[in-house]
Amino acid sequence: MKRLLAFLLMAGALCFSPLAAAAGDTDSTIENVIKRGALRVGFSSFVPWAMQDKEGKYIGFEIDVATRLAEDLGVRLELVPTNWDGIIPALLSGKFDVIIGSMAITPKRSLSVNFSVPYDTAYIDLTLNKEKAGHIRNLEELNNPGSIIAVRTGTTAAQAAQILLPKATLRMFNDEAPAVEEVLSGRAWAFFSSAPLPAMETLKHPDLLAQNFEFKAFSKPVAFAVRKGDLDTLNVFDGWIRVVEEEGWLQKRRDYWFKSNEWESLIQ
């Protein structure tokens with residue numbers, strides 16, 4: 001912790017120096033965060049990255065990351081739930097300071113925002129409705145005009161389904177929950193999403209869902225997203241990610257949320 005605080009103080013001094021200010025006309029988000037005394041984080045609900053517990057409080061891997069970041073900066077955390085398909089425009093319009101929401105780095109997104117160094121890795125997984133698609137044993141068999149795939153709008157999973165299953169019919173949803181319900185009910189054959197959600201849903205509903213073959217696709221680095229040109233803020237965020245990764249804190253939080261079910265009692 002002492003090492004982290006020392007780093008942040010040094011980074012902050014660099015960020016707020018006249019030299020840094022002269023580097024460009026873009027306002028420093030991190031300077032505004034410190035002045036305001038609050039870090040506004042945009043995110044969208046994805047289990048187990050960010051979700052509401054039984055009392056309506058947001059919990060999850062991303063919430064842990066945002067909470068620790070705000071604590072280390074010495075400011076309060078303001079969570080700003082946002083629809084995924086509008087989250088980048090909301091960042092650019094100034095509704096919050098940073099996206100911490102399991103956002104994968106892609107060339108298209110990089111045209112609109114700047115990304116920090118990665119703090120996680122995401123990949124796409126799927127689960128099948130047993131009645132409709134229990135006979136399917138590979139991706140090729142799923143790629144046919146009769147297949148109906150449930151995905152969340154604007155996600156990497158939606159992109160993966162479009163590329164890998166061009167013959168299938170995609171049904172888009174604004175949230176994960178109705179997409180899961182679509183495959184549970186049999187109205188869809190399969191559900192595409194970032195791991196580990198498909199595996200978790202399969203474990204919860206073994207009578208209705210199955211993962212008949214190993215499928216890990218579209219592995220991508222996950223990073224914070226900030227407005228373009230804000231190098232001061234990227235400098236602080238990059239350094240923070242490197243420090244908490246080196247001390248092992250990030251891996252501990254990944255293990256808790258992605259490799260255990262200890263937290264499930266909090267939402268059920």
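Small disclaimer: the values here were computed from a predicted structure and weren't measured.
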*Output yes when a side-chain donor or acceptor of Trp189 lies under 3.5 Å from a complementary backbone atom of Val183, and no otherwise.*
no

query = Should Arg227 and Val113 count as side-chain neighbours, where that means a heavy-atom distance under 4.5 Å?
reply = no

>> Let's go through Ser110 and Ile105 carefully: what are the C-alpha distance in whole Å and the side-chain angles of both, what is the deciding distance for side-chain contact (heavy atoms from CB on, under 4.5 Å) to 0.1 Å, and is it a yes or a no?
In response: CA-CA 7 Å; Ser110 295; Ile105 300 172; 4.0 Å; yes

message: Could you check whether any side-chain N or O of Asp232 sits under 3.5 Å from a backbone N or O of Ser28, counting only pairs where one atom can act as donor and the other as acceptor?
response: no

Checklist entry - Backbone N or O of Val117 within a donor-acceptor pair of the Asp238 side chain at under 3.5 Å? => result yes

Notebook entry, point to check: Is Val65 close to Phe224 at the side-chain level, that is, under 4.5 Å between some pair of heavy atoms?
Noted result: yes

Tested for side chain to side chain contact (heavy atoms under 4.5 Å, CB included) against Ile100, the lone hit among Tyr119, Phe43, Phe61, Trp49 is Tyr119

Taking Gly229's backbone N and O only, do any of them form a donor-acceptor pair with Asn114's side chain (distance below 3.5 Å, no angle check)?
yes

Rounding to 0.5 Å, atoms CD1 (Ile63) and CG (Leu77) come to a distance of 7.5 Å

Within the side chain of Ser45, is there an N or O that forms a donor-acceptor pair under 3.5 Å with the backbone of Met51? no

Flag, side chain of Ser193 to backbone of Phe191, donor-acceptor distance under 3.5 Å | no

### Query
Is the Lys NZ or Arg CZ of Arg152 less than 6.0 Å from the centre of Phe46's six-membered ring, within 45° of the axis?
yes

Applying side chain to side chain donor-acceptor pair (under 3.5 Å) to Asp85 and not counting sequence neighbours gives none

Worksheet item: So, do Val222 and Phe115 sit near enough that their side-chain heavy atoms are less than 4.5 Å apart?
Response: no

Side-chain contact, heavy-atom cut-off 4.5 Å: Trp263 with Val47? yes

With a 3.5 Å distance limit and no angle check, can you tell me whether Asn143 reaches the backbone of Lys167 through a side-chain donor-acceptor pair?
yes

Same apolar cluster: Leu92 and Val33, side chain cutoff 4.5 Å
yes

- Query: Can you check whether Thr155 reaches Trp84 side chain to side chain, under 4.5 Å on heavy atoms?
  - Reply: yes

Q) Counting N and O atoms only, with roles assigned by atom type, does the side chain of Thr121 sit under 3.5 Å from a partner on the main chain of Pro221, one being a donor and the other an acceptor? A) no

Side-chain (Arg171) to main-chain (Ile148) donor-acceptor, under 3.5 angstrom: no

query: Just checking, Arg253 and Tyr256: is the charged tip under 6.0 Å from the six-membered ring centre and within 45° of the axis?
result: yes

Report task. Look at the side chain of Ser116 and the backbone N and O of Leu234, then say whether any donor-acceptor pair between them is shorter than 3.5 Å. Result -> no

| said: Hydrophobic cluster membership, with links at side-chain heavy-atom distances under 4.5 Å among I/L/V/M/F/W/Y: are Met200 and Tyr123 in one? | reply: no

The complete set of side-chain hydrogen bond (donor to acceptor under 3.5 Å, both in side chains) pairs with one or both residues in residues 209-223, sequence neighbours excluded, reads Asp125-Gln211

So side-chain hydrogen bond (donor to acceptor under 3.5 Å, both in side chains) across residues 128-137, not counting sequence neighbours, yields none

- Query: Is Leu209 reachable from Leu142 through a run of hydrophobic residues whose side-chain heavy atoms are each under 4.5 Å from the next?
  - Reply: no

